[in-house]
Amino acid sequence: MPKILDGAAIAAAIKQEVAEEVLALAAHGIKSGLAAVLVGHVPASEIYVRSKVQACAELGLYSDLITPPGTVTTEEMLALVAQLNARDDIDGILIQLPLPAQVDSKALLDAVDPAKDVDGFHPVNAGRLLAGRPALAPCTPAGVIEILKRSNIPIAGQHAVVVGRSDIVGKPVAVLLLHQNATVTICHSKTRDLPAITKQADILVAAIGRPGFITPEMVTPDATLIDVGINRLTTREEFDRFFKGNAKREATFAKRGSTIVGDIDPKAFELAGAYTPVPGGVGLLTIAMLMSNTVRAAKMRRGL
Ligand code: NDP
């Protein structure tokens, strides 16, 4: 039987550790805080940001939710970021993406003080990460490493294949795996004979954004499968492709009109040595690592 890598339990353990660190900092008179910037009304972003603010409250972190209108300009956003950079009560700045088309997202992310860049998206943090220097690492990739380590999955010497090379997931997860001494192969849409490579993986990380893209034929038995993908299925045809006859999923689909599948076909999980389920896997680590980065930023900024 494959081992299920339980994102909920691992995220809870990390949050518990963060809560203890928050208390320890408070004992020294330090109150760590996160500013969450949510522009306009994007329902998915509203849900994500609400969860992040709620996690702050649970862990005793201060949070400030700032909600500029959807008509905000790049200049107004840059002025807001400059204010947040200067505020001593703010250790982490989170700008929820995507931003409206008229806002220059890159200019904005580059304007965040790298010391407060708890998403780990600033080029300075990307460079530090690559160079193996202390850095705020992007939350989802950092969560992948936590899942592997805390589940006692060996990384050193293993062949890790990462499918996807985005700046926020694929590239940083590949760098973090390399720092853990894995032999890393990065694949993307131009990779020739992808299945031949994915089949060599001891650890396969899928960050593609295509429902069930990694099929059982692309996986070697007993591999560890890490599924970063979050894809919402809304049609009966899509649903049946992955979950026909699955009573639990049927119930969710009937209630919500949709369900979530990762970038790995759930049938491939049956072959695995271990895997992260979707939902219930990597996704839950992202917020936990954001909280962890906020406390880390609070400590680093004060030279602790
Ligand atoms: P991007 O769209 O930025 O990147 C997708 C990557 O997949 C690209 O590098 C692309 O290659 C590659 N790709 C696309 N099609 C193929 C193909 N046919 N064969 C091989 N590679 C392919 O996505 P993200 O990295 O932002 O996100 C990936 C997934 O992870 C999404 O499902 C997203 O929802 C999820 N996600 C989950 C998070 C979480 O909290 N769990 C957080 C962030 C993302 P190329 O570069 O050549 O175009």
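Everything numeric here is computed off the predicted structure, so don't read it as measured data. Whatever order the structure lists ligands and atoms in, that order sets their numbers, starting from 1.
- A salt bridge is defined here as a Lys NZ or Arg NE, NH1 or NH2 lying under 4.0 Å from an Asp or Glu carboxylate O, and Asp110 with Lys106 fails to meet this definition.
- Note on Val103 and Leu97: same hydrophobic cluster, where clusters join Ile, Leu, Val, Met, Phe, Trp and Tyr whose side-chain heavy atoms are under 4.5 Å apart, directly or indirectly.
- Protein heavy atom at the shortest distance from atom 19 (N) of ligand 1 is Phe213 CZ, 3.5 Å.
- What sits closest to atom 21 (N) of ligand 1 on the protein, heavy atoms only, is His188 C, 3.2 Å.
- A salt bridge does not link Arg249 to Glu238: none of the charged nitrogens lies less than 4.0 Å from a carboxylate oxygen.
- Close approach of ligand 1 to Asp263 is summarised as follows: ligand atoms under 4.0 Å from at least one heavy atom of the residue are 29 (C), 32 (O).
- Which of Pro172, Ser166, Pro138 comes nearest to atom 4 (O) of ligand 1 through a heavy atom is settled by distance: it is Ser166.
- At the top of the distance list for atom 15 (N) of ligand 1, counting protein heavy atoms only, stands Arg210 NE, 3.4 Å.
- We find that Arg302 and Asp91 are joined by a salt bridge, their nearest charged nitrogen and carboxylate oxygen being less than 4.0 Å apart.
- Every atom of ligand 1 is numbered from 1 in the order shown, and the set under 4.0 Å from a heavy atom of Thr286 is 39 (C), 40 (O).
- Closest heavy-atom approach to atom 37 (C) of ligand 1 within the set Val228, Leu97, Asp227: this belongs to Val228.
- Residue Ala207 approaches ligand 1 through these ligand atoms, each under 4.0 Å from one of its heavy atoms: 5 (C), 6 (C), 7 (O), 28 (C).
- Nearest protein neighbour of atom 11 (O) of ligand 1, counting heavy atoms only, is Ser189 N, 3.3 Å.
- Nearest to atom 12 (C) of ligand 1 by heavy atom, out of Gly164, Gly281, Gly209, Gly143, is Gly164.
- The parts of Ile230 lying near ligand 1 are both backbone and side chain, judged by heavy-atom distances below 4.0 Å.
- Contacts between Asn231 and ligand 1 below 4.0 angstrom, taking non-hydrogen atoms only, involve the side chain exclusively.
- Remark: Asp88 does not engage Lys31 in a salt bridge, criterion side-chain N to carboxylate O under 4.0 Å.
- At the top of the distance list for atom 42 (C) of ligand 1, counting protein heavy atoms only, stands Thr140 OG1, 3.3 Å.
- Numbered from 1 in the order shown, with element, the atoms of ligand 1 that lie under 4.0 Å from a heavy atom of Val169 read 25 (O), 43 (C), 44 (C).
- Remark: the backbone N or O of Thr73 is paired with a side-chain donor or acceptor of Glu76 at under 3.5 angstrom.
- Checking Thr198, Ile214, Ile208, Val278 against atom 5 (C) of ligand 1, the nearest heavy atom belongs to Ile208.
- One hydrophobic cluster, built from ILVMFWY side chains closer than 4.5 Å, holds both Leu34 and Ile66.
- Between Asp64 and Arg87 there is a salt bridge, since at least one side-chain N of the basic residue sits less than 4.0 Å from a carboxylate O of the acidic one.
- For the residue pair Thr286 / Thr140, a side-chain donor-acceptor distance below 3.5 Å is found, with atom types taken as modelled.
- Atom 9 (O) of ligand 1 has as its closest protein heavy atom Arg165 N, 2.8 Å.
- Interface atoms of ligand 1 facing Ile168, defined by a heavy-atom separation under 4.0 Å, are 26 (O).
- We find that Arg256 and Glu250 are not joined by a salt bridge, their nearest charged nitrogen and carboxylate oxygen being 4.0 Å or further apart.
- Counted within 6.0 Å of CZ on Phe243, heavy atoms from surrounding residues, nucleotides or ligands total more than 12; the atom is thus considered enclosed.
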